[in-house]
Amino acid sequence: MKVKQLVKEERPREKAIQYGIKSLSNRELLAILLGNGTQKKSVLELADEVLMKVGTMGDLATISLYELMGVKGIKEAKAVSLLAAFEVGRRIGYEKVRKKIQITCVEDVVEWLRQEIGYQKQEHFLVVFLNQKNQVICYRTMFIGTLTNASVHPREIYQEAIRLGCARILCAHNHPSGDPTPSQADIELTMRIEESGHMVAIPLMDHVIIARNSYISFRQKHLID
């Protein structure tokens, strides 16, 4: 059934206007972003196909242009529009963190971190650089791939920290498996980063492991001083 054939209260745009944007389902939100369907399928059916391809709304943050264009009915313009919308959401999350008066604990950043790396299919090791007031200067994704003592170098982290003139750092990485439990390699790596921080007087505030629906803070677990 085409959207125009639905009663007005069931059409995504009209529903948003009457009841507010939060009243829309995931498929209805996607339908609005897609704009229109094809001759053979409605925009709501097209939205369903996108959701079937990615699995969850969170996974949309990691989908590529060509993966989106693999859905029949989505060409380059639609795919770019969707990616732009997802990127806007991610940047809004970061701006909220950056404008905080002070970062005092992992709860101040965990929702943004989940958007940034929580749905990635590979491990991403991210470092947040903080000033003397515990405000965010910037962040960097330092390493991508399986994290080991050989692949993650505290030296590179602290070279960047010194270059930026930061006062302390917060590290985070994701576990694509969905289980945030730290491995022995995670623990050993964190100890090396913490020791390096003591040497250069740029302490490690915390190391957070992010999963899709949970996280673990090394400081809260008393795994760092």
Side-chain angles (χ1 to χ4, degrees), residues 1-100 107-124 126 128 136 138-141 144 172-178 208 210-215:
M1 181 181 289
K2 297 292 184 182
V3 171
K4 288 181 180 180
Q5 295 175 298
L6 296 172
V7 296
K8 280 192 175 183
E9 291 76 11
E10 294 179 4
R11 298 177 194 174
R13 284 192 182 88
E14 284 79 356
K15 185 176 176 182
I17 292 167
Q18 185 168 355
Y19 301 108
I21 199 73
K22 290 184 179 180
S23 69
L24 300 187
S25 65
N26 291 341
R27 73 193 290 256
E28 289 168 337
L29 285 169
L30 278 177
I32 287 178
L33 291 172
L34 288 166
N36 52 63
T38 67
Q39 288 185 342
K40 294 185 178 179
K41 65 183 78 167
S42 73
V43 69
L44 286 168
E45 291 170 327
L46 196 56
D48 286 336
E49 289 196 24
V50 173
L51 287 171
M52 285 177 62
K53 186 174 185 68
V54 299
T56 69
M57 286 292 278
D59 290 308
L60 286 169
T62 64
I63 197 168
S64 72
L65 176 70
Y66 297 104
E67 285 176 314
L68 277 174
M69 291 172 63
V71 177
K72 194 170 182 180
I74 296 184
K75 294 186 178 179
E76 190 174 78
K78 273 191 173 70
V80 169
S81 293
L82 284 177
L83 292 178
F86 309 151
E87 183 62 22
V88 165
R90 182 160 48 225
R91 293 190 189 190
I92 288 172
Y94 174 60
E95 284 300 305
K96 287 181 179 179
V97 168
R98 194 178 66 82
K99 290 180 179 179
K100 281 184 179 289
E107 284 77 14
D108 291 330
V109 297
V110 71
E111 286 308 316
W112 162 64
L113 288 171
R114 184 171 286 116
Q115 290 181 49
E116 192 70 30
I117 60 174
Y119 293 89
Q120 295 290 344
K121 296 172 185 176
Q122 285 183 289
E123 289 191 23
H124 284 56
L126 181 150
V128 182
V136 175
C138 66
Y139 72 95
R140 301 276 188 270
T141 299
I144 299 176
H173 79 276
N174 63 308
H175 277 184
S177 67
V208 189
I210 300 289
R212 292 176 178 231
N213 300 307
S214 57
Y215 70 91

Problem set entry | Spacing of Lys15 atom NZ and Ile21 atom CD1 [to the nearest 0.5 Å] | 10.5 Å
For this session: Start with the C-alpha gap between Arg13 and Ile32, add the side-chain angles, then the distance that decides, and say whether side-chain contact (heavy atoms from CB on, under 4.5 Å) holds.
Result: CA-CA 7 Å; Arg13 284 192 182 88; Ile32 287 178; 4.2 Å; yes
Problem set entry | Exercise: identify the closest heavy-atom pair between Gly118 and Ile210 | CA-CG2, 3.7 Å
Exercise. If you look at every heavy atom in Leu68 and Ala79, which pair is closest and at what distance?
Worked result: CD1-O, 3.7 Å
Problem set entry | Point-to-point distance, once rounded to the nearest 0.5 Å, from NZ of Lys75 to CE of Met69 | 9.5 Å
For this session: Verify the neighbour count for atom CZ of Arg90: are there more than 12 heavy atoms of other residues, nucleotides or ligands below 6.0 Å?
Result: yes
Exercise. Roughly how far, to the nearest 0.5 Å, is the CZ atom of Arg140 from the CG atom of Leu126?
Worked result: 10.0 Å
Problem set entry | Heavy atoms of other groups near Glu76 CD, more than 12 under 6.0 Å | no
For this session: Taking all non-hydrogen atoms of both residues into account, name the closest pair between Glu123 and Pro176 and its distance.
Result: CG-CD, 3.6 Å
For this session: Output the distance between atom NZ (Lys41) and atom NZ (Lys72), rounded to the nearest 0.5 Å.
Result: 7.0 Å
For this session: Before giving the answer on side-chain contact (heavy atoms from CB on, under 4.5 Å), spell out for Asn36 and Lys78 the whole-Å C-alpha distance, their side-chain angles and the decisive distance to 0.1 Å.
Result: CA-CA 9 Å; Asn36 52 63; Lys78 273 191 173 70; 2.8 Å; yes
Seminar exercise, completed: Of Leu46, Val43, Leu51, the one forming a side-chain contact (heavy atoms from CB on, under 4.5 Å) with Leu30 is Leu51
Exercise. For Ala31 and Leu44, which heavy atoms make the closest approach, and how far apart are they?
Worked result: CB-CD2, 3.7 Å
Exercise. Counting N and O atoms only, with roles assigned by atom type, does the side chain of Gln120 sit under 3.5 Å from a partner on the main chain of Ile117, one being a donor and the other an acceptor?
Worked result: no
Exercise. From Gln115 CD over to Ile92 CD1, what is the distance, rounded to the nearest 0.5 angstrom?
Worked result: 9.0 Å
Problem set entry | N-O pairing of Lys53 and Asp59 below 4.0 Å | no
Seminar exercise, completed: Taking every heavy atom of Glu28 against every heavy atom of Pro12, the minimum-distance pair comes out as O-CB, 3.9 Å
For this session: Could you please spell out the steps behind the salt bridge (Lys or Arg N to Asp or Glu O under 4.0 Å) verdict for Lys96 and Glu111?
Result: CA-CA 10 Å; Lys96 287 181 179 179; Glu111 286 308 316; over 6 Å; no
Exercise. Tyr139 pairs by side-chain contact (heavy atoms from CB on, under 4.5 Å) with which of Leu113, Val109, Val128?
Worked result: Val128
Exercise. How far apart are the C-alpha atoms of Leu82 and Leu60, what are their side-chain angles, what is the distance that settles it, and do they pass the side-chain contact (heavy atoms from CB on, under 4.5 Å) test?
Worked result: CA-CA 9 Å; Leu82 284 177; Leu60 286 169; over 6 Å; no
Problem set entry | Shortest non-hydrogen contact between Ser214 and Gly178, atoms and distance | OG-O, 4.1 Å
Seminar exercise, completed: Separation between CE (Met57) and CZ (Phe86), nearest 0.5 Å, reads 7.0 Å
